[in-house]
Amino acid sequence: PPTQVMDELARSAISRNTSPDVPFSQSINPYRGCEHGCIYCYARPTHSYLNLSPGLDFETKIIAKRNIAELLRAELARPTHSPQAIGLGTVTDAYQPVERELRLTREVLEVLHEARHPLAIITKSSGVERDLDLLAPMAAQRLASVYVTITTLDPALARTLEPRAAA
């Protein structure tokens, strides 16, 4: 099925957690849902909070937080903001295919780069290479790290587990 992108005006850019088993306390997700369609994704149930199906809707109805960069800039400028590493794309892949057009992740990275704010990215997409011009200088200053997930080297199994993650 084709991907449908719906816009959302988010109320905040940074999400916070206090879970002792998660190694970060702040995260940013430019999108809700993920086009990769990984059958094992732990974030699928989040779509039910939007009255959407965690099944097929999770990968076909993507919510784009169009105002995320502006919100992030304002949140980083608050005197109460604590500059701890922010996880980028923790419940959705920040480099899923729709990012090629919308560039929301790129906008977030530009803000973090300008602010010299630490971040960590987890992705399964080679799309992250597009942003090496921002990530490499940040990494040289120990402000950025990128983790690439590889589920399997078996193409048939990958197609079963991640049916829309071809790109």
Side-chain touch Arg164/Thr3, heavy atoms, less than 4.5 angstrom: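 A side-chain contact exists here, since the closest heavy-atom pair is under 4.5 Å.
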Validation row: Leu109, Leu88 side chains within 4.5 angstrom (heavy atoms):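 In short, these two side chains touch, coming nearer than 4.5 Å.
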Whether Asn67 side chain and Leu9 backbone form a donor-acceptor pair below 3.5 Å: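 No; judged by distance alone, with no hydrogens or angles, the pair does not exist.
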Backbone of Leu157 reached by a side-chain donor or acceptor of Thr152 within 3.5 Å: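 Side chain of Thr152 to backbone of Leu157, a donor-acceptor pair under 3.5 Å: no, none is there.
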Gap between atom [atom2] of [Y] and atom [atom1] of [X] - 0.5 Å precision:
X      : Y      : atom1 : atom2 : value
Asp131 : Glu99  : CG    : CD    : 7.0 Å
Gln96  : Thr105 : CD    : OG1   : 8.0 Å
Glu75  : Ile86  : CD    : CD1   : 8.5 Å
Leu112 : Glu107 : CG    : CD    : 12.0 Å
His113 : Glu110 : NE2   : CD    : 9.5 Å
Leu71  : Leu76  : CG    : CG    : 11.0 Å

Candidate pair Glu162 and Cys38, rule side-chain contact (heavy atoms from CB on, under 4.5 Å), full reasoning: CA-CA 4 Å; Glu162 302 161 344; Cys38 304; 3.4 Å; yes
Which atom pair, heavy atoms only, marks the closest approach of [X] to [Y]?
X      : Y      : result
Pro97  : His36  : CD-CE1, 3.9 Å
Asp93  : Tyr31  : O-CD1, 4.5 Å
Cys34  : Ile62  : N-CD1, 3.4 Å
Leu135 : Tyr95  : CD1-OH, 4.4 Å
Pro54  : Ser48  : CG-CB, 4.0 Å
Leu153 : Ile150 : CD2-CG2, 4.0 Å

Whether over 12 other heavy atoms sit under 6.0 Å from Arg16 CZ: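 Result for CZ/Arg16: enclosed.
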Steps toward side-chain contact (heavy atoms from CB on, under 4.5 Å) verdict (Leu119, Val108): CA-CA 11 Å; Leu119 71 111; Val108 165; over 6 Å; no
Does [X] belong to the same Ile/Leu/Val/Met/Phe/Trp/Tyr cluster as [Y], with side-chain heavy atoms less than 4.5 Å apart forming each link?
X     : Y      : result
Ile63 : Leu72  : no
Val98 : Met6   : no
Ile68 : Ile122 : no

Candidates Met138, Gln84, His81 - the one meeting side chain to side chain contact (heavy atoms under 4.5 Å, CB included) with His117: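 Between His117 and the candidates, side chain to side chain contact (heavy atoms under 4.5 Å, CB included) is satisfied uniquely by His81.
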From Asn17, Ile121, Asn29, residue fulfilling side chain to side chain contact (heavy atoms under 4.5 Å, CB included) relative to Thr90: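 Going through Asn17, Ile121, Asn29 one by one, the side chain to side chain contact (heavy atoms under 4.5 Å, CB included) with Thr90 is satisfied by Asn29 alone.
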Pairs meeting criterion ring pair (Phe, Tyr, Trp, His ring centres under 6.0 Å) with involvement of residues 45-72, two or more places apart: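 The answer is His47-Phe58.
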Members besides Val91 in its Ile/Leu/Val/Met/Phe/Trp/Tyr cluster (side-chain heavy atoms under 4.5 Å):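 Reading the cluster by chain and number, Val91 sits alongside Tyr42.
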Salt bridge (Lys or Arg N to Asp or Glu O under 4.0 Å) between Asp57 and Arg32, intermediate numbers included: CA-CA 11 Å; Asp57 287 346; Arg32 293 180 195 238; over 6 Å; no
